[in-house]
Number of protein chains: 2
Amino acid sequence: MSAAEFDLIARIRARAATRGDVVLGIGDDAALLQPPPGRQLAVATDTLNRGVHFGDDAAAADIGWKALAVNLSDLAAMGAEPAWCTLSLSLPDEGGESRQTFVDGFLDGFLELAAQHRVALVGGDTTRGPLSVCVTVIGFVEPGWALRRDAAQVGDEIWVTGTLGDAAAALALAGVAPYCDHEVRNNSGDAQTDAARLFERLHRPTPRVVAGRALRGLARAGIDISDGLLADLGHVCAASNVGACIEAGQLPTSHALAAARDGDSRRVLQLTGGDDYELCFTVAPRQRASVLQALSASGTLVQMIGHIEAQPGVRVRLPDGSAWTPPRNGYQHFG
Amino acid sequence: MSAAEFDLIARIRARAATRGDVVLGIGDDAALLQPPPGRQLAVATDTLNRGVHFGDDAAAADIGWKALAVNLSDLAAMGAEPAWCTLSLSLPDEGGESRQTFVDGFLDGFLELAAQHRVALVGGDTTRGPLSVCVTVIGFVEPGWALRRDAAQVGDEIWVTGTLGDAAAALALAGVAPYCDHEVRNNSGDAQTDAARLFERLHRPTPRVVAGRALRGLARAGIDISDGLLADLGHVCAASNVGACIEAGQLPTSHALAAARDGDSRRVLQLTGGDDYELCFTVAPRQRASVLQALSASGTLVQMIGHIEAQPGVRVRLPDGSAWTPPRNGYQHFG
């Protein structure tokens, strides 16, 4: 470890908040943590790479926010309460000052979101390499209460939080293929504000931790929408050995997206666009009232969008009852 | 997630062993794990990047082994018992077949070491990007028994496991600066075997997990030697607010290194070369017998190399009593 790396770690350490259950945080070979009795741990890890998950011009604070958000979203999808995280930062061998500026900005976003969820950054490493961020989060969940992918049952209702397609619409506005295939409408009097809202959704997704906690023990299966609704719901169906039918007319739509797109162009974004980080979950009809009450108390908008069926695969039904076939199933990590 | 990524994850999942305390492993948004009662968690994370931590021609199995080894070494340095790990793999967007071949080879090394330590691979992600491996390990340690960096006391003896300088000698043989500054002797009748032994130490380090477990509750402070003895012992001294004096004549030396280097050239490798992943720990003199007995039972070679002193900084004393100043302090992560 050079003086430069030592400085970086000292900078991170000075800003990272702690918690009572962190016995030993940043600065040793490993962090020491005291898990609460009677709980299981939920552990998720996700990497963001420059040029793949964010562009060359991405703001450091947005990268920091999103690197933690996508991981918290995984815990949310399990109904887990986040507690601790580690951060592994690969940074290009540029000047020390530009590295420090980047890390300071990165921490602005990362630690802002961490503070919102009382997550302590307890360790990690910094190393030389192409810009890349690997975050691991650890949370707690009551035994038997986690929302698993393999628990959907025929007859379950399918619900989603928030609105769908906003992040994909921002990618379309930014000219990222394939989302820019369709023309963007510009008939709103407030197109610039709408675009800003869509980009906010792309760069600063809200991990649905509160909703996920409200759903534990009530919803049956759950997943977060990172690769697109059809793809992610497809994982639930495959793991649960069931199928699904989505009502295209029920997809929750933001004002900003409604102003920018309609018809098929909008449906593609909402059904196959990734990066929304909303939750998709299934509910036994008899639990509907309890779920709505719990989510209402948490202040989360939700919408029922379809049902779990016995026939494998995920189908989409248009309001006129006809079937709709998407041009693709979701974000492709490899070509 | 594309079909290609799904295939990769299925390949990894099919080969990963599990443990009784893994409630839910690879394949959901997060892993669910049951920690044992009455223990603290030790968590470490480390990234290896191509071109920084391994070369373009590194064997996939060696990369897999080392990515886990450097993390297990961090747990060893805390005296923790490893249990679970996650793996985040960034892979270049090459053909699917070459990606599969790499992942298969990578898992050969990674899972061989995981099996040796009964570590379960419980989750992670695969993504597109320059070749990079981020591993997070979680282990257990009894409250109060961890070997921390900040616990060294004046008068403690300084000990190390195994031999020092082997990995740096391999880097020198490979022509990696600055280790290749000095001429390599070739007066051994068995130079090729010696070189192979040195490369084995570089590519397949042995994480000192068994020794670390034997030391918990007995040694005072501990660290693993990843950046070089002077640098890493320097971290212990800084954290403990003490200094150290190393006896250069006491540094444990492998036959292979002794055949390749001597004098100043060897000392540079042993004192400033990284990548050995041996443990350096401090022991109160009254605990010496207990420590030696515990380590002997674990089959680990150890050597006393110096003492903790009140004067800050790390000094090196030659056998004739004179002081030795190194040309540099250890591996530099940033230039």
Side-chain angles (χ1 to χ4, degrees), chain A residues 1-2 4-5 23-24 27-35 37 40-47 49 51-53 74-75 77-78 80 84 86 88 90 93 96 99 122-130 132 134 136 138-139 141 146 148-149 223-224 227 231 235 239 330-335, chain B residues 1-2 4-5 23-24 27-35 37 40-47 49 51-53 74-75 77-78 80 84 86 88 90 93 96 99 122-130 132 134 136 138-139 141 146 148-149 223-224 227 231 235 239 330-335:
Chain A
M1 192 190 303
S2 69
E5 191 193 5
V23 180
L24 184 63
D28 213 304
D29 293 292
L32 296 177
L33 308 166
Q34 186 61 63
Q40 291 174 348
L41 302 176
V43 180
T45 192
D46 258 316
T47 292
N49 292 324
V52 179
H53 303 93
D74 280 326
L75 291 195
M78 301 301 285
W84 311 304
T86 62
S88 186
S90 293
D93 200 2
R99 205 161 44 224
V122 299
D125 75 329
T126 62
T127 185
R128 205 156 33 90
S132 176
C134 178
T136 301
I138 304 177
V141 66
R148 301 166 54 137
R149 295 184 181 183
I223 195 168
D224 69 327
D227 294 340
H235 297 319
Y331 179 74
Q332 303 284 311
H333 288 236
F334 296 107
Chain B
M1 191 190 301
S2 68
E5 191 192 8
V23 180
L24 183 64
D28 213 304
D29 293 292
L32 295 177
L33 308 167
Q34 186 63 63
Q40 291 174 350
L41 302 176
V43 180
T45 191
D46 259 315
T47 292
N49 292 324
V52 179
H53 303 94
D74 280 326
L75 292 196
M78 302 300 285
W84 312 303
T86 62
S88 186
S90 293
D93 199 1
R99 203 160 48 222
V122 299
D125 76 329
T126 62
T127 185
R128 204 155 34 91
S132 175
C134 178
T136 300
I138 305 177
V141 66
R148 302 167 52 137
R149 294 183 181 182
I223 195 167
D224 69 326
D227 294 340
H235 297 319
Y331 179 75
Q332 304 285 309
H333 288 237
F334 297 107

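Here is how names work: the chains are called A, B, and so on, in the same order as the sequence lines, proteins then strands, and each is numbered from 1. Note that the structure is predicted; figures quoted are calculated from it, not measured.
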Side-chain ion pair, B:D28 and A:R149, N-O less than 4.0 Å: yes

Which pair of non-hydrogen atoms, one from A:T45 and one from B:G124, has the smallest distance, and what is that distance? CG2-CA, 3.2 Å

Side chain, backbone, both or neither: which part of A:L32 has a heavy atom under 4.5 Å from chain B? both

Can you name the closest pair of heavy atoms from B:V52 and A:R128 and give their distance? CG2-O, 3.2 Å

Report yes if the side chains of A:M78 and B:L24 come closer than 4.5 Å at any heavy-atom pair, otherwise no. yes

Validation row: B:I138, A:I138 side chains within 4.5 angstrom (heavy atoms): yes

Applying a strict 4.5 Å limit to non-hydrogen atoms, the region of B:P37 in contact with chain A is neither

Locate the shortest heavy-atom distance separating B:N49 from A:S90; write the atom from each residue and the value. ND2-OG, 2.9 Å

Looking at B:T86, B:D29, B:L41, which one has more heavy-atom pairs under 4.5 Å with chain A than the rest? B:D29

Looking at B:S132, B:P130, B:P35, B:A239, which has the largest count of heavy-atom pairs under 4.5 Å with chain A? B:P35

Show, in sequence, the C-alpha distance, side-chain angles and deciding distance for A:H53 and B:T127, and conclude whether the side-chain contact (heavy atoms from CB on, under 4.5 Å) test is met. CA-CA 9 Å; A:H53 303 93; B:T127 185; 2.8 Å; yes

Please report the shortest heavy-atom distance between B:D125 and A:T47, naming the atom on each side. OD2-N, 3.2 Å

Max heavy-atom pairs within cutoff under 4.5 Å with chain B, candidates A:A146, A:A42, A:A31, goes to A:A31

Is B:V141 close to chain A through its backbone or its side chain, or both, or neither, when contacts mean heavy atoms under 4.5 Å? side chain

